There are 2 protein chains.
Amino acid sequence: MLAQDQPVEWTPKAHDLLEAAAALFYERGIAAVGVDTVAQHAGVTKKTLYDRFGSKERLVAEYLRSREEQRRAALVAALDEARDPVERVAAVYDGTRAWAAAQPVWRGCPVVNAHAEINTAGHPAYPLVAEQKRWTRDLFSGLLVYAGVPAEHRDALATQLLALLEGAQVVVGMGADPHGFLRARDAGVALVRSVLA
Amino acid sequence: MLAQDQPVEWTPKAHDLLEAAAALFYERGIAAVGVDTVAQHAGVTKKTLYDRFGSKERLVAEYLRSREEQRRAALVAALDEARDPVERVAAVYDGTRAWAAAQPVWRGCPVVNAHAEINTAGHPAYPLVAEQKRWTRDLFSGLLVYAGVPAEHRDALATQLLALLEGAQVVVGMGADPHGFLRARDAGVALVRSVLA
DNA sequence: GACGCGGTAGACCGACCTGTCTACCTTCGG
DNA sequence: CCGAAGGTAGACAGGTCGGTCTACCGCGTC
C-alpha cells in the first residue's frame, strides 16, 4: 500500500483514474461508487489504483483537491477581467457559474456533497472540506477591503456574499432556478453597493 | 415485505425506528448507516424494521418527510408572530434558525445532504427532494406578493431569498460563520426593502 | 381458549465492499 | 542484456450490505 503522506505519483493511468473517480463520485455519490467501478471506468486494474493512491479515501481526497483547484482557477480567470471593486465581487459569481457550466452535470458544490458523506474526522479529505469555505470567505473579505467597505460591515457582508454563493450552487443544483448564479450576483452587488453609499 | 405505496403503520416501535434512523442518517450519512445499526439503536429487531417500513429506501423517505414536517412547523410558528410584511420574510430565516438550533447537531440541510447521496430517480425519497426547494421558493414568492413587491421583481427576489436561506444552512453547517442565519436574515430584509423603496 | 398481532432472537442468503496477492507482460535506460 | 517500473489479469480474503426466514413469546379480544 502507498504510504499515507507520500505524494501520489502522477503516471498517465493515475490521471485516468482521477478523472474517472471525479466524474463517478460527483455524479453518483462517494459511497455509492466502488473501487472496482472506478478502475473499470478508467480502463485500469484495481491493483493499479491501489499502487497509485493506496486507498479509496486517498482517491476521494485527490478528487476534492483537483475540483477545488479547477474552481480557484476559474475564479482567478474571472477576477483577472475585472478591475472595478464591485465588478470584482461580481466576478466571483461569474467565475463560479463558468466553473459549474464546465461540468457535464451540475449537482451542487462537490465539497458540500462530500461533507454530507464524510463523518470520520480522520478522513484524509476532512481538512480540505474544512478549509474550503474559510478560503472563499477570506476571498470575499479581501475584495471588500479592496472595495473600501468599512471594517464594521466587512465580516457580516463577507458571510452574506458567501451564503449567496453557496445558496446559488444549491439552488441551481436542485433545479429550483437555472439563473441562480446571475440572481445571486445581482444580490451580492446590491448588498455591497448599499454599504458603500 | 411491506407494499410499496401502502402507508406505514405507526406502532410505537415504528416511531422508535424513525427517530433512530433520522439521527443516524443525518449525522453519519445515509449510505454509511446500515439497517442493522438503525435497528440496534432503536432497540428493535431488523425484522420489525422490515415489517414496518419494507425497505431501507422507504425508511429514508420517511426520515426526510418527518424532518421537512418539523421544518415547516417551525416556519409557521415563526410566521405567526409577524404581521409586518418585511418581518414575515425575516421570520422564515428565524424559523429556520430555530429549527436548526433544535437539532442536537447541525450539519446543513438534510434534503441537500440526501440529494448528494441519492442518484437513482426511482428512489422513494426522490420526489420529496425535488419538491422541497420549490415549496420554499413558493413560500417566499407568496410573502413577496403580500409585501407588495412588483411582479417584475418577484421571481428574481424569490430566488435570491432562497439562495440566502440555503446558503446560510451551508455556511452554518460547515462552521464558516455561526451567525449565518442572522446575517442572511439581514441581507434578505435589505434586498426586499430595496425594491419596495 | 383460540387467534391475531406486534414483537424478539438469530440464522441465513447472495451480492458487494475495500484491500491484497501472485504471475506475467511490456517498455525503456544503462 | 538486464533489471526496474508501470501495467494487466484475476483469484482471494474478510467483512458488511440489504433483505428474508423460522421459531417463539406475550397480550388483548372475540
Side-chain angles (χ1 to χ4, degrees), chain A residues 1-21 24-25 28-63 114 117-120 122-126, chain B residues 1-22 24-25 28-64 114 117-120 122-126:
Chain A
M1 184 182 356
L2 182 75
Q4 207 167 358
D5 24 3
Q6 194 175 206
V8 174
E9 209 164 326
W10 288 106
T11 64
K13 300 288 183 183
H15 280 106
D16 294 350
L17 276 163
L18 180 61
E19 205 173 325
L24 288 165
F25 288 157
R28 303 190 194 173
I30 293 170
V33 173
V35 287
D36 300 82
T37 308
V38 173
Q40 191 183 330
H41 274 72
V44 146
T45 326
K46 217 175 11 163
K47 181 174 176 294
T48 301
L49 189 157
Y50 277 93
D51 282 349
R52 294 294 138 254
F53 297 94
S55 72
K56 181 186 179 178
E57 289 190 345
R58 186 68 190 277
L59 183 55
V60 170
E62 291 296 329
Y63 146 60
E117 297 204 62
I118 295 175
N119 34 47
T120 46
H123 197 293
Y126 200 83
Chain B
M1 186 191 338
L2 182 75
Q4 208 166 359
D5 23 5
Q6 195 175 202
V8 173
E9 209 164 326
W10 289 106
T11 63
K13 299 288 183 180
H15 280 107
D16 293 351
L17 276 163
L18 181 60
E19 205 172 325
L24 290 166
F25 287 156
R28 303 190 193 172
I30 292 169
V33 174
V35 287
D36 300 83
T37 308
V38 173
Q40 191 184 331
H41 274 72
V44 147
T45 327
K46 218 178 5 164
K47 182 174 176 296
T48 301
L49 189 157
Y50 278 92
D51 283 348
R52 294 295 136 253
F53 296 94
S55 71
K56 181 185 179 181
E57 290 191 344
R58 185 69 191 275
L59 183 56
V60 170
E62 291 297 329
Y63 146 59
L64 288 178
E117 297 204 64
I118 295 176
N119 35 47
T120 48
H123 197 292
Y126 199 85

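Here is how names work: the chains are called A, B, and so on, in the same order as the sequence lines, proteins then strands, and each is numbered from 1. We use all heavy atoms of the structure for the numbers below, so side chains are in, but hydrogens, waters and symmetry mates are not. Fair warning: this is a prediction, and the values are worked out from it, not measured in the lab.
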Just how far, in rounded Å, is [atom2] of [N] from [atom1] of [X]?
X: A/D16; N: D/dG6; atom1: CG; atom2: C1'; result: 13 Å
X: A/K46; N: C/dC17; atom1: NZ; atom2: P; result: 9 Å
X: A/R58; N: C/dT18; atom1: CZ; atom2: P; result: 17 Å
X: A/L17; N: D/dG6; atom1: CG; atom2: C1'; result: 12 Å
X: A/K56; N: D/dT16; atom1: NZ; atom2: P; result: 16 Å
X: A/Y50; N: D/dA11; atom1: OH; atom2: C1'; result: 16 Å
X: B/E57; N: D/dG18; atom1: CD; atom2: P; result: 11 Å
X: A/Q40; N: C/dC16; atom1: CD; atom2: P; result: 12 Å

Pairwise distance CD1(B/I118) to CD(B/E57) - rounded to 0.5 angstrom
8.0 Å
Using the salt bridge (Lys or Arg N to Asp or Glu O under 4.0 Å) criterion, which residues pair with B/K13? Sequence neighbours excluded.
none
Looking only at atom types and distance, does a side-chain atom of A/T45 sit under 3.5 Å from a main-chain N or O of A/T48, one as donor and one as acceptor?
no
Sub-3.5 Å donor-acceptor pair from the side chain of A/E117 to the main-chain atoms of A/A31, do we have one?
yes
Using a strict heavy-atom distance below 4.0 Å, which residues from residues 29-37 of chain A are in contact with DNA chain C?
A/V33, A/G34, A/V35, A/D36
For [X] versus [Y], what's the shortest heavy-atom pair and its separation?
X: A/T37; Y: A/L24; result: O-CD1, 4.1 Å
X: A/N119; Y: B/A32; result: ND2-CB, 3.7 Å
X: A/V38; Y: A/A21; result: CG1-CB, 3.8 Å
X: B/A42; Y: B/D16; result: CB-O, 3.8 Å

Taking only residues two or more places apart in sequence, or in another chain, which ones meet B/K56 in a side chain to side chain contact (heavy atoms under 4.5 Å, CB included)?
B/F25, B/I30, B/V35, B/V60
Only counting residues at least two apart or in another chain, list the ones meeting side chain to side chain contact (heavy atoms under 4.5 Å, CB included) with A/A14.
A/W10, A/T11, A/R52, A/F53
All N/O pairs under 3.5 Å across the protein-nucleotides 5-7 of chain C interface:
unit_1, atom_1, unit_2, atom_2, d
C/dG6, OP1, B/E9, OE2, 3.0
C/dG7, OP1, B/T11, OG1, 3.2
C/dG7, OP1, B/K13, N, 3.2
C/dG7, OP2, B/T11, OG1, 3.2
C/dG7, OP2, B/R52, NE, 3.0

Where protein sits on nucleotides 24-30 of chain C, one letter per nucleotide: B base, S sugar-phosphate only, - none, heavy atoms under 4.0 Å:
-------
